[in-house]
Each structure stands twice: as structure tokens, then as C-alpha cells.
Amino acid sequence: MAKTSLSTLLARVGLDWFILALLAMIGLAKLWPEPGIQEGFFSLSSLATYGVSLIFFFYGLKLNFDQLKEGLRNYRLHLVIHLTTFVVFPAVVLAARSLLLTPDTELLWLGIFYVAALPSTVSSSVVMVSIAGGNIPAAIFNASISSLIGVFITPVWMSYLLSSTNGQYDLTGVISKLTLQVILPVILGLLLNRWLGWIAAKYKSALRYFDQITILLIVYTAFCESFALHSFEKISIDDLLWLAGLMLGLFFLIFGLVTLFSQLLNFNREDRITALFCGSKKSLVQGSVMANVLFPGSMAGVALLPIMMYHALQLIVASIIAQAMAQRQKEKAEVIQE
């Protein structure tokens with residue numbers, strides 16, 4: 001009984017086995033980095049790459065053209081979400097970077113900007129919108145489109161900092177790799193949806209675990225290389241606490257701005273909820289995938305720290321907010337019935 005109560009409590013605040021497993025992967029990479037830095041066709045890093053393409057193939061398999069066409073109608077909501085995700089987020093971080101950047105935190109700042117440039121997450125955004133009582137079809141549409149747009153916009157944003165940091169940045173090469181690894185599998189899955197879409201629907205839970213295990217593998221291999229190359233030597237506990245506070249502040253700032261935009265545009269309750277949860281969240285899946293393409297091995301682990309921290313914090317905070325919204329709506333409905 002106690003075990004069940006504990007797991008229920010952890011789920012309510014957004015904590016689950018996956019977040020704990022992410023922390024475990026960092027610890028394992030620190031203690032045993034050798035398997036993660038090996039190369040070859042059947043190496044862990046190669047298996048992670050194959051796994052990513054499968055993730056996005058099944059992701060495309062879940063979509064269909066009718067859903068995408070239906071979702072195009074609510075253009076004001078789409079504009080708010082995507083402008084927040086790909087313009088407001090990076091602009092806010094760039095403004096703060098000029099004020100708070102120090103030589104010792106330069107790599108962390110690169111990772112923070114990486115968070116800002118990433119697309120919105122898919123599954124958790126839809127889950128939170130569903131819990132709070134928002135516009136679920138619009139959430140599915142926006143989260144899906146955001147992932148595809150991010151393949152092109154995120155590398156363009158990152159070229160701004162990486163070209164000045166490394167001196168060289170092959171934007172065309174990066175987008176080509178991501179197109180092969182992400183876009184083509186999605187298109188193939190979308191084209192096969194009519195015949196094989198039932199597979200993605202039937203094995204939805206199993207595919208979610210496959211996604212998570214693949215991300216854990218990516219995180220492990222990235223941190224293995226970073227630990228092996230001593231990339232974390234300049235990062236202290238104080239830096240991590242500073243990073244956590246910054247990620248939490250960033251979430252609430254964006255959440256507040258989206259609330260303001262939604263009020264100015266007179267969104268109804270359902271669209272406002274969808275804008276809030278799709279516009280304020282960032283994708284760990286895309287972050288893990290792109291990190292291997294965008295960053296050298298020595299930088300990948302450090303660059304992933306901010307998105308891992310943002311991912312954990314956004315799940316916890318968004319889960320609390322979504323349940324509070326659902327409770328308020330329930331209480332209003334009860335008052336009306338009385």
C-alpha cells in the first residue's frame with residue numbers, strides 16, 4: 001500500500017522512473033565510460049542512432065493527413081505557440097546571456113541557448129493539455145509540427161553561437177544529417193499510416209518505453225565521452241544549482257508571456273491551455289538527437305545538462321499546474337450544477 005501511495009505521489013508531481021534513470025545514466029557514465037566511447041557498427045552510439053530513426057518512424061506512423069489538415073484551421077493558436085517556441089525563447093535567453101555569461105559557464109550557456117532553440121515536446125505536452133482540459137487535437141497538431149520545424153530552425157539558431165565558439169559550423173551538413181535521421185523516417189511512417197497505423201496505436205505503451213530507453217542510451221554515450229575528455233572539470237555544484245534556478249525561472253517567464261499573449265488574443269479556455277503547455281515546453285527527444293549531430297563529443301554531455309534539467313522541472317511544474325487547472329474547472333462545474 002505504501003509503495004503504491006509513493007508511486008502515485010511521485011507521478012502527481014511529475015517524477016517517474018525515467019527522470020531517475022536519466023540521473024542513473026550520468027552516474028554510470030562517470031563510473032564506467034568505456035562502453036559508451038567505443039565505435040563500430042554495433043557500438044552503443046550506433047545503436048542509439050538506429051533507435052532514433054525508429055522513434056521518428058513510429059512517430060510518423062501515429063500521424064495521418066486528415067489530422068494535419070484539420071489542425072491547420074486554428075492559425076492564431078499555431079502562431080503563438082511556434083513564435084514562442086522558436087523566437088521568444090531564444091530572444092529571452094540571448095538577452096540574459098549578455099548579462100550573466102562568465103568564462104567558466106560558457107559551455108553551460110551554450111546548452112541553455114540550445115534549450116531555447118529546441119522544438120516543443122510531443123507526448124508530455126499532449127498529456128498536460130489533456131489533464132487540464134485543453135484543445136487536444138490542436139496540441140497534437142502543434143507538437144507534431146514543432147518537431148518537424150525544429151529540424152531546420154534549431155540548427156540555424158545554433159549556428160549563431162557555434163560558429164563563433166568553434167570557428168566552423170557546417171549548417172548544410174547538420175540539416176542534411178537531421179533530415180536523413182529524422183524527417184525521412186517521419187515521412188515514411190506518415191505514408192504508411194493508412195496500412196500500418198494500427199501498429200503504433202496498439203503498441204503505444206511499448207513504443208513509449210522504446211523511446212525512453214533510446215534517450216537513456218543517447219544520454220549515457222554523450223556523458224561517457226564528456227567524462228572521458230574531462231569536460232565537467234570546471235562545473236561545480238554551485239553552477240548546477242544556478243542552472244536549476246535559471247531553468248525554473250525561464251519556464252515561469254515563458255509561461256507568463258504565453259498567458260499574456262493568450263489574453264491579448266482573447267483565446268478561449270481550451271486554446272489558452274494548449275498555448276501554455278505547448279509553448280512553454282521543450283523536447284528532450286529532439287535535444288538528445290540533435291546534440292549528437294550539432295556538438296563535438298567533448299561538448300555533447302555538457303550541452304545536454306540544461307535540457308535534461310529543464311525536462312525534469314517542466315514535468316514537475318507543468319503537472320502541478322495542469323492538475324490545479326483541472327480541479328478549478330471541476331469546482332466551477334459543480335457550482336454551476338448546484
Side-chain angles (χ1 to χ4, degrees), residues 13-16 18-23 25-26 81-82 84-97 100-101 105-129 143 146-147 150 153-154 157-158 161 211-212 215-216 218-219 222-223 226 232 235 237 239-258 275-292 294-295 299-322:
V13 298
L15 285 172
D16 59 10
F18 181 62
I19 293 176
L20 300 177
L22 283 172
L23 297 175
M25 288 299 102
I26 297 175
I81 291 173
H82 297 305
T84 301
T85 301
F86 294 114
V87 178
V88 176
F89 247 114
V92 166
V93 171
L94 276 178
R97 179 178 181 270
L100 301 175
L101 177 65
T105 58
E106 188 172 355
L107 269 181
L108 281 180
W109 267 109
L110 190 63
I112 293 168
F113 185 73
Y114 182 48
V115 172
L118 284 170
S120 177
T121 184
V122 178
S123 57
S124 63
S125 291
V126 175
V127 168
M128 297 305 170
V129 169
S146 181
S147 293
I153 294 184
T154 301
W157 267 119
M158 293 310 298
L161 288 187
D211 294 355
Q212 292 173 326
I215 294 171
L216 292 175
I218 293 171
V219 169
F223 275 84
S226 293
F232 294 98
I235 298 176
I237 297 297
D239 290 332
L240 295 179
L241 293 174
W242 164 82
L243 178 62
L246 201 60
M247 293 295 93
L248 194 59
L250 179 61
F251 176 86
F252 280 115
L253 176 59
I254 297 298
F255 202 85
L257 288 174
V258 177
L276 286 171
F277 290 109
C278 290
S280 63
K281 305 194 82 180
K282 290 292 182 174
S283 174
L284 179 61
V285 175
Q286 291 279 42
S288 303
V289 171
M290 293 188 188
N292 282 344
L294 290 169
F295 303 106
M299 296 169 59
V302 181
L304 279 175
L305 266 179
I307 182 56
M308 290 172 61
M309 196 167 286
Y310 191 89
H311 172 81
L313 291 171
Q314 74 182 1
L315 285 180
I316 295 169
V317 177
S319 178
I320 294 170
I321 293 173

What distance separates I218 CD1 from M290 CE, expressed to the nearest 0.5 Å?
11.5 Å
Residue pair F18 / L284, side-chain heavy-atom distance below 4.5 Å
yes
Can you name the nearest heavy-atom pair linking S226 to G301, along with the distance?
OG-N, 2.9 Å
Report yes if some heavy atom in the side chain of L118 is under 4.5 Å from a heavy atom in the side chain of S283; otherwise report no.
no
List the steps, then state whether side chain to side chain contact (heavy atoms under 4.5 Å, CB included) holds for L304 with I307.
CA-CA 6 Å; L304 279 175; I307 182 56; 3.8 Å; yes
Are T85 and I153 side-chain neighbours, meaning at least one heavy-atom pair lies under 4.5 Å?
no
Quick one: does Y114's side chain get under 4.5 Å of K282's, heavy atoms only?
no
Would you name the heavy atoms of M128 and F277 that are closest together and state the gap between them?
CB-CD2, 3.7 Å
At their closest point, which heavy atom of A222 faces which heavy atom of A300, and how far apart are they?
CB-CB, 4.1 Å
Output the distance between atom CE (M308) and atom CD1 (I19), rounded to the nearest 0.5 Å.
10.0 Å
Hey, what do you get for CD (Q314) to CD1 (I254), rounding to the nearest 0.5 Å?
12.0 Å
Heavy-atom side-chain contact between L246 and I112 under 4.5 Å
yes
Distance, nearest 0.5 Å, that separates CE of M247 from CG of L313:
8.5 Å
Min side-chain heavy-atom separation Y310-L248 under 4.5 Å
no
Aromatic plane relationship, W157 with F113 - under 30° parallel, 30 to 60° tilted, over 60° perpendicular
perpendicular
Residues L276 and F255: closest non-hydrogen pair is CD2-O, 3.5 Å
Are the side chains of V317 and F252 in touch, meaning some heavy atoms are under 4.5 Å apart?
yes
CG of L240 to CG of L305, rounded to nearest 0.5 Å, is 6.5 Å
Between S146 (side chain) and S120 (backbone), is there a donor-acceptor pair under 3.5 Å?
yes
Using the side chain to side chain contact (heavy atoms under 4.5 Å, CB included) rule, take V285 and T121 through it: C-alpha gap first, then chi angles, then the decisive distance, then the call.
CA-CA 8 Å; V285 175; T121 184; 5.9 Å; no
Give me the atom names and distance for the closest heavy-atom approach of K281 to S125.
CD-OG, 3.6 Å
List the steps, then state whether side chain to side chain contact (heavy atoms under 4.5 Å, CB included) holds for W242 with L108.
CA-CA 10 Å; W242 164 82; L108 281 180; 4.0 Å; yes
Between CG of L250 and CE of M309, what distance do you get to the nearest 0.5 Å?
13.0 Å
Nearest heavy-atom contact between M25 and V219 is CB-CG1, 4.2 Å
Reference residue L241; test side-chain contact (heavy atoms from CB on, under 4.5 Å); the match among D239, I237, L243:
I237
F295 side chain near V302 side chain, heavy-atom distance below 4.5 Å
no
